[in-house]
Amino acid sequence: MRYSRLFIPTLKEAPADAEAISHKLMVRAGFVRQLAAGLYIYLPLGQRVMQKINEIIREEMNAIGGQEVTMPVLNPAEVWQQTGRWDAIGDEMFRLKDRGGRDMCLAMTHEETMTWLAAHDLRSYRDLPQIWYQIQTKVRDEARPKSGILRTREFTMKDSYSFDCDEAGLDKSYQLHLEAYKKIYSRCGIKFFVVQSDTGMMGGSMAHEYMAPSPAGEDEVALCEGCGYAANVELALSVPKASKSPDWNFEEVATPERRTIDEVTRFLKVTPDLLIKSILVMSDNGPVLALVRGDQMLHEKKLAKLIGPHRPAQKDEVKAALGVPAGFIGPMGHAIRKIADPVLKQGLYAAGANKEGYHVKGVSAEKHLADAEFSDIHVAGAGDACAQCGKELRIERVIEIGNIFKLGTKYSAPLKANYLDENGNEKAIVMGSYGIGPARIAAAAVEQGNDENGIIWPPAIAPYQLLIVPVNVKDRKSMDIAEEMYAALEEKGFEVLMDDRDERAGVKFKDADLIGIPWRIVIGEKNLKEGMVEIKERRNGVVEKVKVEETIEKIAKKLVLEA
RNA sequence: CGGGGCGUGGCGCAGCCCGGUAGCGCGUCUGCUUUGGGAGCAGAAAGUCGGAGGUUCGAAUCCUCUCGCCCCGACCA
């Protein structure tokens, strides 16, 4: 392709409202444009990147026996009502009515329609297993679209669904996806971790997430170098370092107007890990007291697994439930359910005295938390020890680029997706669901591959493999050689972009760096006098001078190696 | 949904506090010169200041409402 005919609107400055590096660079380099909050236009270069990613996904999905289909984006309400999600999902679903007044929605995922299909057309154990997938649009009315292409309201997703007779079959389908996904991300050239994840609202028994390390990410994972344990901090188990308690006797201390952990630690001149944080939450079954160490954060999702949906109690609710003003709650007494983090089993702590203006020192688990249930409810933090092997955990910020779930019969049961087994018994199909966000792969690649001059694409998903830059298009000889190389390399099947614009060298070089094509051949008059051209690698800036007649062979070798 | 910020030629911004009908840089177009890291000079086109209402002789500037966008948090199938 000739640059002069390609629409690549590059910008010298990033739009002021872009924050994430990938957002800034993809806009500046002319890959995307924003239409509205969370709605993006893919320009020719962006489109090519997406197509390359999708093609890699397609190849790997086909390799595990996946069959590509396409579900409608516009869905009737009925299937969603049957699984209960019509009501369970709130504002995040776009809803509308057709001309006949029937309720419709825009699909934010496709468990319902895929399972509907299975219910209609899978009858016998002989039909199973099946893996169906699509690369298609999802629409979600996100509360807060952000970070450019990372969280949008409309996006392409590769979603696949497996249908098996039993758990053993599901295990196989799950394993196939687990491996296929690793290949996909590896081929795309990005760094990633596979971590255990929360099954969340999707239900099911097992889930993994694929996470690309990047400061622009919205999630955090805990990683153990020792045993390889890797989990989303939402469920990561960890053992905090034990605190060194002083030899406290149980006694009350006046702490007037000291309510927060910060105020109390400063007043008592102790570190936060010597306090017990008592947090009252309101669950469907009444108030629950959550107890964590002062330096820990309560993890709401971990707590939710134990007590269900809940919210922090209001100040007046604290007073009503415990008879204590907020800020002075202690773990002792209170005839309500108490859940304490296991770290509190050891040591002596300071805590609220259940009396306004007072705290107590010398609280111990055996004496004062006898009626509490112990369960890991803290957010795993850096420096905590791995719950499996004891080595120190590392916490990394990541972008979620894919996830896989064992669904079981969560969707097949309500939608009556059943089959007849060998004995003629009707059974529910056992399902799995698996998602990949191609746009997030692209964004993660940019987040991980860039420098002060622009994007550095991994070769496999770069919009073009090679850029030919004749420095001066008015120089006949340069152009003849450029044209010759361009034709020859295209002939060999490489994706070549030729910068045939009548621009100054600086402009061309700046644009070249910005859009991040892995290899570049620079054809200039000076080098040509010695019969040489330059091959420059984007990722490291290394320049190699090569003879004109050897160029095609040399660059072809490099490109083949990468393909 | 809570908190914060911002809407002025295509992009980045100034002007607003102390009302007098719009300015700078980049980009775009034309010409000449230049030509290996976002060129120089000369000239030109392009905005009615997010929208509506109000105050005023007069509003980008003040007031009210409203829409949009970004960031933090909540939420995230």
Side-chain angles (χ1 to χ4, degrees), chain A residues 9-20 23-24 27-30 33-39 80 83-93 105 107-112 114-115 138-148 150-153 155 157 159 161 197-204 207 209 216 218-219 232 234 300-301 304 309 311-312 400 403 405 407 410-411 433-435 437 452-454 469-475 478 499 501-515 520-529 532-534 536 541 543 545:
Chain A
T10 58
L11 266 24
K12 281 192 179 175
E13 289 175 282
D17 52 16
E19 197 79 10
H23 186 195
K24 287 182 184 168
V27 172
R28 275 195 61 205
R33 284 294 183 265
Q34 181 178 9
L35 208 213
L39 298 175
W80 291 83
T83 58
R85 288 164 112 187
W86 180 261
D87 295 315
I89 295 168
D91 293 338
E92 215 173 323
M93 181 150 71
C105 66
M108 45 200 310
T109 174
H110 282 88
E111 277 79 16
E112 274 77 3
M114 284 278 186
T115 310
K138 303 277 182 280
V139 192
R140 299 179 184 180
D141 196 358
E142 285 284 349
R144 185 149 107 75
K146 58 180 289 201
S147 307
L150 275 175
R151 179 168 290 274
T152 55
R153 294 194 290 179
F155 58 97
M157 184 175 191
D159 48 325
Y161 304 84
S197 77
D198 194 357
T199 50
M201 299 294 282
M202 290 284 283
E209 285 166 332
E218 301 178 88
D219 289 283
N232 193 311
E234 286 176 2
E300 285 168 29
K301 289 199 176 172
R311 58 174 177 81
E400 183 185 347
N403 54 40
F405 288 94
L407 293 177
K410 181 176 161 118
Y411 295 92
S433 98
Y434 317 85
E452 64 282 2
N453 295 315
V469 184
V471 173
N472 180 5
V473 297
K474 294 201 182 90
D475 179 57
S478 300
D499 193 346
R501 294 177 300 166
D502 184 9
E503 287 286 355
R504 297 166 61 87
V507 173
K508 293 185 171 196
F509 293 152
K510 286 288 182 188
D511 277 338
D513 286 341
L514 224 205
I515 64 181
R520 147 160 128 220
I521 298 177
V522 179
I523 301 166
E525 292 167 81
K526 285 177 199 159
N527 284 317
L528 232 38
K529 280 184 186 140
M532 309 287 271
V533 299
E534 288 170 12
K536 184 169 185 179
V543 175
K545 274 197 190 184

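Just so it is clear: chains get the letters A, B, ... in the order the sequence lines come, proteins before strands, and each one is counted from 1.
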Regarding [X], tell me which of base, sugar-phosphate or nothing describes its non-hydrogen contacts under 4.0 Å with the strands shown.
X: Arg28(A); result: base
X: Ala14(A); result: sugar-phosphate
X: Gln34(A); result: sugar-phosphate
X: Glu112(A); result: nothing
X: Val469(A); result: nothing
X: Ser478(A); result: nothing
X: Pro9(A); result: nothing

[N] to [M] separation - [atom1] atoms, rounded to the nearest Å:
N: G20(B); M: C16(B); atom1: C1'; value: 14 Å
N: C6(B); M: C13(B); atom1: P; value: 12 Å
N: C69(B); M: C32(B); atom1: P; value: 46 Å
N: U48(B); M: C11(B); atom1: P; value: 14 Å
N: C24(B); M: C67(B); atom1: P; value: 35 Å

Base of [N] paired with side chain of [X] (donor-acceptor, under 3.5 Å):
X: Asp511(A); N: G38(B); result: yes
X: Lys536(A); N: G37(B); result: yes
X: Glu13(A); N: G38(B); result: no
X: Arg520(A); N: G37(B); result: yes

Between the protein and nucleotides 1-3 of chain B, are there any N/O to N/O pairs under 3.5 Å, and if so, what are the atom names and distances?
none

In terms of side-chain heavy atoms of [X], which of [options] is nearest?
X: Pro15(A); options: C72(B), C11(B), A77(B); answer: C11(B)
X: Glu92(A); options: C76(B), C13(B), G38(B); answer: C76(B)
X: Ala36(A); options: A39(B), C69(B), C71(B); answer: C69(B)
X: Ser147(A); options: C71(B), C69(B), C11(B); answer: C71(B)
X: Ala16(A); options: G12(B), C76(B), G37(B); answer: G12(B)
X: Met108(A); options: C69(B), G12(B), A77(B); answer: A77(B)
X: Thr109(A); options: G36(B), A77(B), G38(B); answer: A77(B)
X: Ala505(A); options: C70(B), G36(B), G38(B); answer: G36(B)

What's the [atom1]-[atom2] distance between [X] and [N], to the nearest Å?
X: Glu234(A); N: C75(B); atom1: CD; atom2: P; value: 10 Å
X: Glu142(A); N: C75(B); atom1: CD; atom2: P; value: 14 Å
X: Asn472(A); N: G36(B); atom1: CG; atom2: C1'; value: 10 Å
X: Glu19(A); N: C71(B); atom1: CD; atom2: C1'; value: 6 Å
X: Glu218(A); N: C75(B); atom1: CD; atom2: C1'; value: 11 Å
X: Glu503(A); N: G40(B); atom1: CD; atom2: C1'; value: 15 Å

- Just jot down the side-chain contact (heavy atoms from CB on, under 4.5 Å) partners of Ser147(A), sequence neighbours excluded, or say none.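 Applying side-chain contact (heavy atoms from CB on, under 4.5 Å) to Ser147(A) gives Ala20(A), Leu150(A).
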Give a yes/no answer on whether the side chain of [X] brings an N or O atom under 4.0 Å of OP1 or OP2 in [N].
X: Lys12(A); N: G27(B); result: yes
X: Lys508(A); N: U35(B); result: no
X: Arg504(A); N: A39(B); result: yes

[X] versus [Y]: any side-chain heavy-atom pair under 4.5 Å?
X: Glu111(A); Y: Arg85(A); answer: yes
X: Val27(A); Y: Arg33(A); answer: yes
X: Glu142(A); Y: Glu92(A); answer: yes

- Task: Show your reasoning for whether side-chain contact (heavy atoms from CB on, under 4.5 Å) applies to Arg520(A) and Asp499(A).
- Result: CA-CA 10 Å; Arg520(A) 147 160 128 220; Asp499(A) 193 346; over 6 Å; no
- Query: Do we see a donor-acceptor contact under 3.5 Å between the side chains of Lys138(A) and His110(A)?
  - Reply: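 His110(A) and Lys138(A) do have a side-chain donor-acceptor pair below 3.5 Å.
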- Item | side-chain contact (heavy atoms from CB on, under 4.5 Å) between Glu112(A) and Trp86(A), intermediate numbers included | CA-CA 11 Å; Glu112(A) 274 77 3; Trp86(A) 180 261; over 6 Å; no
- Report, as yes or no, whether the 6.0 Å neighbourhood of atom CG on Asp91(A) holds more than 12 heavy atoms from other residues, nucleotides or ligands.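 Counting other residues, nucleotides and ligands, CG of Asp91(A) stays at 12 neighbours or fewer.
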- Task: Could you walk me through whether Phe509(A) and Val522(A) pass side-chain contact (heavy atoms from CB on, under 4.5 Å), step by step?
- Result: CA-CA 9 Å; Phe509(A) 293 152; Val522(A) 179; 3.9 Å; yes
